[in-house]
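First the structure, in the form of structure tokens, and then the observations on it.
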Amino acid sequence: MPEMPEVEAVCRRLRAEAEGATIRRARILRPSMAKGDIEEACRKARLTRVERRGKNILLHLSSGPVLHVHLRMTGNLYVTVDHRMLVTSARAVFELTDGRGIVFEDPRALGRIALLERDSLPEVGLDPLSPEFTAEVLALLVRGSKRPAKLFLMDQDKVSGLGNIYAAEALFRAGIDPRRAVGSLRRPRIARLYQAIVEVMRAAVETSDRLYSSPGRLIEAERQELMVYDREGEPCRVCRRPILRLAQGGRSTYFCGKCQG
DNA sequence: TCGATCCTGTAG
DNA sequence: CTACAGGATCGA
């Protein structure tokens with residue numbers, strides 16, 4: 001259930017617990033989710049580096065190629081003390097030489113795991129927490145676009161890492177109607193949107209790092225207090241009007257009709 | 001740019 | 001039973 005902050009938390013934990021570890025062998029439990037000869041590439045390979053690009057996780061192997069993991073909607077990747085301890089939704093396990101295991105779990109099985117060459121790694125847009133992401137850059141990115149603001153924010157090729165929740169939250173904070181053509185926003189609004197994105201994502205990384213990255217399954221607990229997501233019919237925390245829901249790109253968008261005019 | 005699709009689980 | 005789920009891709 002990850003957007004960028006949750007993926008970041010997963011990566012941090014993997015780095016702390018398994019970077020430098022050696023994989024004895026990999027077991028693919030659901031072949032339809034995997035691409036490439038992963039079992040061959042992982043045999044006695046060291047996990048040299050854990051990298052994140054947007055929502056993509058890249059596990060660099062000493063054998064040369066890179067394991068690309070995408071958690072999609074319900075995936076998770078974590079270390080267990082015993083590689084034989086597997087839940088039913090485990091889709092792949094990387095058995096380490098010390099007996100632990102890196103488990104790729106995904107009840108819904110929408111996630112993907114693929115073996116890539118170093119020169120064909122996924123490219124995504126700017127990370128919202130990187131120094132290169134500025135209000136000026138955002139203004140350039142939206143220029144000329146007629147797309148609804150919500151869909152623009154969810155486009156991983158523009159700004160990477162926002163999903164359905166944080167896109168809605170950022171738009172609320174910026175006071176922007178999610179249907180508004182993003183290219184029609186004026187400069188001050190864009191600056192406010194920039195600020196909102198950075199604040200929402202920074203807060204989410206902090207809370208995710210704290211609770212999402214505990215051992216084992218994901219914990220569906222308090223994330224940062226959400227202003228609009230999944231709050232249809234509930235009063236807006238600012239103006240008390242009921243939160244509205246509409247469909248955009250086949251997904252639900254939650255917003256306040258008054259605060260986001 | 002929209003809708004269908006990939007899967008399974010859960011809430012209503 | 002239906003609707004929907006924090007994602008992405010494909011074809012019309």
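Proteins come first, then strands; the chains are lettered A, B, ... in the order of their sequence lines, and each starts at number 1.
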Problem set entry | Distance in angstrom units between A:Glu3 CD and C:dA5 C1', rounded | 12 Å

For this session: Indicate yes or no for a side-chain donor-acceptor contact from A:Ser120 to the backbone of A:Leu116 under 3.5 Å, with no hydrogens or angles considered.
Result: no

Problem set entry | Co-membership, hydrophobic cluster, residues A:Leu138 and A:Val198, 4.5 Å side-chain | yes

Problem set entry | Heavy-atom pair with the smallest gap, counting every atom of A:Ile176 and A:Gln260 | O-NE2, 2.9 Å

Exercise. Tell me, which stems hold DNA chain C, with a stem being 3 or more Watson-Crick or G-U pairs in a row and both distances under 3.5 Å?
Worked result: B:1-6 with C:7-12, B:8-12 with C:1-5

Exercise. Could you state the CZ-P distance from A:Arg108 to B:dT5, rounded to the nearest angstrom?
Worked result: 15 Å

Problem set entry | Side-chain heavy-atom pair A:Arg179, A:Phe255 within 4.5 angstrom cut-off | yes

For this session: Please report the shortest heavy-atom distance between A:Ala45 and A:Leu61, naming the atom on each side.
Result: CB-CB, 4.3 Å

For this session: Ignoring backbone atoms, establish whether A:Lys55 has a side-chain N or O less than 4.0 Å from OP1 or OP2 of C:dA8.
Result: yes

Problem set entry | Atom-to-atom span, CG of A:Leu71 to P of C:dA8 - whole angstrom | 10 Å

Problem set entry | Pairwise P distance for C:dT2 and B:dT5, with rounding to whole Å | 16 Å

Exercise. C:dG7 phosphate, OP1 or OP2: any side-chain N/O from A:His70 under 4.0 angstrom?
Worked result: no

Problem set entry | Side chains of A:Tyr78 and A:Glu105, donor plus acceptor under 3.5 Å | yes

For this session: Calculate the interatomic distance between A:Asp157 atom CG and B:dT1 atom P; express it in whole Å.
Result: 14 Å

Exercise. So what does A:Tyr254 hit on the nucleic acid, given a heavy-atom distance under 4.0 Å: a base, only sugar-phosphate, or nothing?
Worked result: sugar-phosphate

Problem set entry | Separation of the C1' atoms in C:dA5 and B:dT1, to the nearest angstrom | 23 Å

For this session: May I ask you to say what A:Gly163 touches in the nucleic acid, namely base, sugar-phosphate or nothing, with a heavy-atom cut-off under 4.0 Å?
Result: sugar-phosphate

Exercise. Considering only side-chain heavy atoms of A:Ser32, which listed nucleotide, C:dA5, C:dG7, B:dC7, is closest?
Worked result: B:dC7

Exercise. Is any side-chain N or O of A:Arg251 closer than 4.0 Å to OP1 or OP2 of C:dC4?
Worked result: no

For this session: Return yes if a side-chain donor-acceptor contact under 3.5 Å exists between A:Arg245 and A:Ser252, otherwise no.
Result: yes

Problem set entry | base_contact_polar (C:dA8 base, A:Arg112 side chain, donor-acceptor, <3.5 Å) | no

For this session: Among B:dT8, C:dC4, C:dA8, find the nucleotide with the atom closest to the side chain of A:Arg245.
Result: C:dC4

For this session: For nucleotides C:dT9 and B:dG9, find the distance between their C1' atoms and express it as a whole number of Å.
Result: 22 Å

Exercise. Hey, is the side chain of A:Gln156 poking within less than 4.0 Å of OP1 or OP2 on C:dG7, counting only N and O atoms?
Worked result: no

Seminar exercise, completed: With the side chain defined as heavy atoms from C-beta on, A:Pro107 is closest, among B:dG9, B:dC2, C:dA5, to B:dG9

Exercise. When you check the phosphate oxygens OP1 and OP2 of C:dA5, does a side-chain N or O of A:Ser252 lie under 4.0 Å from one of them?
Worked result: yes

